[in-house]
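Chain letters run A, B, ... following the sequence lines, proteins first and then strands; every chain starts at 1. Side-chain atoms are counted along with the backbone in the values below, which use heavy atoms only and exclude waters and symmetry mates.
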Amino acid sequence: MSTENHFYNHKKQDSAWQKKWQADDTYKTADKSTKKKMYVLDMFPYPSGAGLHVGHPRGYIASDVYARMKRMQGYNVLHPMGFDSFGLPAEQYAITHGVHPAKTTKTNIDTYEKQLRSIGLSFDWSRKINTTDPEYYKWTQWIFLKLYDSWYDPKKNKARPIKELISILSKDKKWKTYSKTEKEEILMTYRLAYQGYSEVNWCPGLGTVLANDEIVDGKSERGGFPVEKKTMRQWFMRITAYADRLLSGLETLNWPEQIKTIQKNWIGKSEGYEVSFKIVGAIIPDATVTVYTTRLDTLNGVTFLALSKNHILAGAYTEQTKLWLDDNTGDKKGILVDGIHGIHPDTKEKIPVYVTNYVLSTYGTGAVMGVPDMDERDYAFAEKFKIPVKKVLFENADIIAKRIKAKKASSYKIRDAVFARQRYWGEPIPLKHNTDGTISPLKASELPLTLPNVKSYEPTGTGESPLASIKSWVKEGFETNTMPGWASSSWYYLRYMDPKNSSALASSAAIKNWKQVDVYVGGAEHATGHLLYARFWNKFLYDIGITVTDEPFKTLRNQGMILGPDNRKMSKSWGNVINPDECISTYGVDAFRLYEMFIGPFDSSMPWSTESIIGTRRFVDRVWRLHEKVLAQGNVKSSVQVESMLHKTIKKVSDDIETFNFNTAVSSHMILLNTIEEGVISRKDFESFIILVAPFTISLSEEIWKNLGNKTSIHLAPWPKYNPKKIVEESITIGIQVNGKLRGEISITGNESETEVIAKSLEIVKNHIEGMSVKKTIYVKGKIVSIVVGF
RNA sequence: GGGCAAGUGGCGGAAUUGGUAUACGCGCUAGUCUUAGGAACUAGUUCUUCACGGAUUGAGGGUUCGAGUCCCUCCUUGCCCACCA
């Protein structure tokens with residue numbers, strides 16, 4: 001026997017078939033189809049200069065296996081890929097190397113696309129999108145303008161056009177007396193995209209403002225630069241308007257519970273009361289401090305009021321004092337507000353008022369009633385400032401509320417999202433600042449507002465974007481901030497539905513057809529960023545009649561991280577990065593895909609093993625040899641065990657792919673192969689087996705399929721059907737327990753009566769029950785015999 | 001400090017959801033074959049014991065005829081949020 005035929009030539013097959021699939025448009029998605037639709041989406045990547053490591057494709061291969069099975073099960077599958085390419089890294093590279101970000105972005109996209117193609121992912125590449133393409137970001141800008149032109153009506157619980165708000169406001173006679181600027185200022189407090197002056201996370205190192213989720217341990221996520229508080233003019237997204245819907249919508253989603261919990265906590269809804277305390281001695285007449293509390297039942301124990309430094313009654317402070325109060329990470333700090341005191345609404349006692357660092361200005365009312373007897377923080381503060389601690393006499397909250405006229409109120413942790421970066425490589429915000437201070441949005445027909453070229457990509461350091469240094473840009477009055485990274489990724493799933501449309505972000509027919517993403521695959525790290533923002537935008541687009549479902553992603557699956565062989569996160573600095581190109585070249589794309597799926601449960605993290613991948617390569621070779629055997633053999637029937645195992649495997653693999661249990665699906669393939677090698681398989685059953693592995697082993701299956709005489713692609717062949725009648729068990733062996741310990745086993749067909757089985761079992765384990773009496777017998781059909789004995 | 005996961009051989013892990021724990025794969029051991037090598041094939045491989053047997057799913061307790069799976073206490077690891085009133 002020569003050995004040559006006995007190894008599968010992956011290099012030849014991989015490249016040949018990939019060319020063929022591309023030439024044949026095998027994976028092209030039909031815009032119109034009578035088949036049921038299935039939208040399977042990966043979180044699109046940000047193409048970095050480093051290219052892919054073996055951890056990245058795990059999610060892509062999983063979604064690909066799923067999409068392939070669905071295609072073979074007769075669905076019209078939308079499975080696209082694109083690139084999220086605005087953002088800091090390309091810009092930082094431009095600063096250090098002087099290369100235009102557009103150029104870097106193009107190079108990186110090309111590298112990524114080449115790598116993704118080599119993994120044989122069944123994307124419809126004709127739908128590829130690139131967020132830095134003006135034809136794409138035109139629609140990101142268009143959505144921004146819609147948000148700018150909308151307000152949230154809490155009564156109708158949806159977004160409405162701003163002109164409808166104006167007609168409501170006009171009913172008030174006062175409205176006409178306001179100047180144009182005053183009217184604009186009022187409207188700005190309603191717009192869903194609005195400009196505000198707010199304390200933000202300013203990062204001098206990056207020269208930009210950051211969102212909360214871009215800060216890790218008080219430092220910027222990218223670069224690790226320090227972050228400080230600064231009050232600046234910003235664009236915001238009024239995501240807080242959607243807080244309740246973002247919360248209730250979670251219940252309708254088939255998402256991992258962990259992600260739902262994270263979003264729930266992030267939104268942070270709590271129910272309580274607002275209580276007003278009269279203030280005596282303030283300059284403002286009839287001054288009150290309203291606090292938010294979830295524990296109105298402890299009102300009796302209030303001995304002080306604590307205000308945040310931004311509270312209207314907090315007073316003016318020197319820069320130094322402000323800085324001192326800014327630090328709210330360590331000890332409790334506070335200043336007694338001289339000359340004023342509060343009045344307890346129930347007891348009418350005088351209580352002192354403090355400004356403290358531990359009360360957040362952005363939560364509740366920015367003021368807290370201090371109950372040192374109940375609350376640890378209040379106690380720590382009271383102890384430090386020698387404030388008396390009063391023993392709480394609990395009383396029903398509703399009764400107190402009625403008596404002191406406290407209102408029920410809800411509070412949320414979620415904050416409006418900063419929607420501006422003082423950087424260059426992002427979508428321009430399509431607005432003009434007029435000389436009178438008002439703002440004019442661009443018309444839809446004026447979009448896209450394209451990003452101009454600049455000489456220097458360096459941030460100005462004054463908190464302005466490099467765009468501020470372009471005279472023509474500033475002269476036109478264009479906004480110099482750009483959009484943050486999450487803008488374009490908040491709606492891209494809609495663009496794939498109709499990626500080349502120049503008159504709408506996608507045609508309403510396409511959106512009606514594809515509706516929403518059926519299965520969305522990506523990392524869990526986007527729980528409070530992308531996944532929340534995209535839900536918010538989708539809900540807004542639903543309100544204005546663009547999308548047809550309230551939620552964008554029906555089912556979500558998170559992939560676990562692949563660590564280096566040393567169990568550490570893959571990184572250049574550890575030198576533990578495994579490149580997929582090398583794996584594919586050594587073992588072939590099929591062994592690589594199998595191993596990525598076989599390595600362990602899809603959603604858990606695990607180390608890459610450079611030796612274990614040989615196991616899936618052996619599987620590939622064994623299937624190849626089996627196919628040679630099948631081609632050589634005559635017309636044979638499958639052995640009973642093989643046929644039975646085949647049908648068990650059809651059920652198991654179909655179920656496992658459906659539920660993303662890819663590791664056990666591959667394991668079932670291996671068990672089936674082991675069974676086939678010990679028996680005989682018919683040509684027809686072998687075809688079923690090859691189809692069953694085809695979503696994993698794409699080239700191998702295709703080549704074998706051709707050799708079996710098929711003219712069309714296996715990847716469009718119908719998925720095998722499971723026939724329960726084919727599963728025959730001649731006999732099964734079950735255990736016999738005596739007092740809970742396994743003492744023997746018995747072979748049964750399953751047709752015996754309980755008495756029969758028990759009688760035989762007692763005979764088998766008679767040594768273990770000698771001299772004792774049988775107290776109880778249990779027979780769980782087909783599972784176990786349990787005998788209880790005693791003296 | 002709060003919340004959420006998870007702990008099973010030398011390694012990655014499986015277990016029909018309360019029914020014979022360690023499937024599948026890697027590695028390892030022995031053998032077969034071969035024109036060097038990486039290969040392939042056959043047998044074995046949780047631990048302990050020459051063996052009969054015994055023990056075993058992070059530790060301890062409980063429920064049950066029966067627990068990796070359910071309940072309680074504790075330990076360890078990972079992730080998320082951290083003065084949210």
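Heavy-atom distances to RNA chain B give each of A/M670 and A/Y292 a nearest nucleotide, and the one nearer the 5′ end belongs to A/M670. Remark on RNA chain B: of its neighbouring residues A/I414 and A/N674, the 5'-side contact belongs to A/N674, judged by nearest-heavy-atom nucleotide.
OP1 or OP2 of B/rC24 has not a single side-chain nitrogen or oxygen of A/N663 nearer than 4.0 Å. For A/R618 and B/rG25, the shortest distance from a side-chain N or O to OP1 or OP2 is not below 4.0 Å. Taking 4.0 angstrom as the limit, A/S604 places none of its side-chain polar atoms (N or O) nearer than this to OP1 or OP2 of B/rA6. Distances shorter than 4.0 Å separate some side-chain N or O of A/R743 from OP1 or OP2 on B/rG54.
Here the separation of B/rA21 from B/rU8, taken at their C1' atoms, is 8 Å to the nearest Å. For the C1' atom pair drawn from B/rG58 and B/rG53, the interatomic distance equals 27 Å after rounding to whole Å. Spacing of C1' atoms, B/rU63 relative to B/rC52, comes out at 35 Å, to the nearest Å. Atom P of B/rG2 sits at a distance of 43 Å from the matching atom of B/rU46, rounded to the whole Å. Rounded to whole Å, the separation between the C1' atoms of B/rG68 and B/rU16 comes to 15 Å. The separation of B/rA85 from B/rG3, taken at their P atoms, amounts to 13 Å, rounded to a whole angstrom. Atom P of B/rC26 sits at a distance of 9 Å from the matching atom of B/rA40, rounded to the whole Å. When the P atom is compared between B/rC70 and B/rG19, the two are found 11 Å apart, to the nearest whole Å.
Base orientation of B/rG9: syn, the glycosidic angle falling within 90° of 0. By the rule that a glycosidic angle within 90° of 0 means syn, B/rU17 counts as syn.
With rounding to whole Å, A/K413 atom NZ is found 14 Å from B/rG2 atom P. To the nearest angstrom, P of B/rG12 lies 11 Å from CD1 of A/I599. With rounding to whole Å, A/L673 atom CG is found 13 Å from B/rA40 atom P. One can place CG of A/N767 at 10 Å from P of B/rG53, the figure rounded to the nearest angstrom. A/F619 places its CZ atom 17 Å from the C1' atom of B/rA40, with the value rounded to the nearest Å. A straight line from CZ of A/F277 to C1' of B/rA85 spans 12 Å, rounded to a whole angstrom. Distance A/L532 CG to B/rC81 P: 12 Å, rounded to the nearest Å. Here B/rA14 presents its P atom at 10 Å from CZ of A/F598, a figure rounded to the nearest Å.
Among the protein residues, A/V780 comes within range of the nucleic acid bases, having at least one heavy atom under 4.0 Å from a base atom. No engagement by A/V291 is indicated, since no non-hydrogen atom pair under 4.0 Å with the nucleic acid exists. Using a 4.0 Å heavy-atom cutoff across all strands shown, A/I613 reaches no nucleic acid atom at all. If you check every strand for non-hydrogen atoms under 4.0 Å, A/D375 touches nothing. Residue contacts shown for A/G740 are limited to sugar-phosphate atoms, with no base heavy atom under 4.0 Å away. In this structure, A/I778 reaches the bases: a heavy-atom distance under 4.0 Å links it to at least one base atom across the strands shown. Contact annotation for A/I734: base contact, defined as any heavy-atom pair under 4.0 Å involving a base atom. Counting non-hydrogen atoms under 4.0 angstrom, A/T294 reaches the backbone sugars and phosphates but no base.
Checking B/rA21, B/rC65, B/rA23 against every side-chain atom of A/L742, the shortest atom distance belongs to B/rA21. Of the candidate nucleotides B/rA85, B/rG66, B/rG3, B/rA85 has the atom nearest to the side chain of A/S270. Residue A/T293 places its side chain closer to B/rA85 than to any other of B/rC80, B/rA14, B/rA85. Closest to the A/R625 side chain, of the nucleotides B/rC65, B/rC4, B/rC41, is B/rC41. The side chain of A/V368 lies closest to B/rA85, out of B/rA85, B/rC83, B/rG19. Listed candidates were B/rA14, B/rC83, B/rC24. Nearest to the side chain of A/Y358 is B/rC83. In this structure, the nucleotide among B/rG19, B/rA14, B/rA23 sitting nearest to the side chain of A/Q737 is B/rG19. Out of B/rC26, B/rG66, B/rA55, the shortest distance to the side chain of A/K741 is found at B/rA55. Side-chain proximity of A/Y363 to the nucleotides B/rA85, B/rC26, B/rG13 is greatest for B/rA85. If you check B/rC83, B/rG13, B/rG19 against the side chain of A/M606, the one that comes closest is B/rG13.
Considering only residues two or more places apart in sequence or on other chains, A/D398 meets the side-chain contact (heavy atoms from CB on, under 4.5 Å) condition with A/Y273, A/N396, A/K408.
A/I312 is not listed as a side-chain neighbour of A/L307, based on a closest heavy-atom distance of 4.5 Å or more. A heavy-atom distance below 4.5 Å is found between the side chains of A/P372 and A/F304.
For A/R535 (side chain) and A/L246 (main-chain N/O), a donor-acceptor pair under 3.5 Å exists by modelled atom type.
Side-chain N/O atoms of A/S786 and base N/O atoms of B/rC65 include a donor-acceptor pair closer than 3.5 Å.
Between A/F602 and A/F660, the angle of the ring planes goes over 60°, which puts this pair in the perpendicular group of the 30/60° scheme. Taking the six-membered ring where tryptophan is involved, the planes of A/F381 and A/Y354 are perpendicular, since the angle between them exceeds 60° and thus also 30°. Between A/Y292 and A/Y363, the ring-plane angle classifies as perpendicular under the 30° and 60° cut-offs.
Put simply, CD1 on A/I784 and CD on A/E745 are 10.5 Å apart, with the number rounded to the nearest 0.5 Å.
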The dot-bracket string of RNA chain B, counting Watson-Crick and G-U wobble pairs with both distances under 3.5 Å, using [ ] for crossing pairs and | for pairs to another strand, is (((((((..(((......[....)))((((((.......))))))(((....)))..(((((..]....))))))))))))....
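By the 6.0 Å and 45° rule, A/K332 stacks over the aromatic ring of A/Y358. Under a cutoff of 6.0 Å and an axis angle of 45°, A/R593 and A/F696 do not form a cation-pi pair.
Between the side chains of A/E271 and A/S410, at least one donor N or O sits under 3.5 Å from an acceptor N or O.
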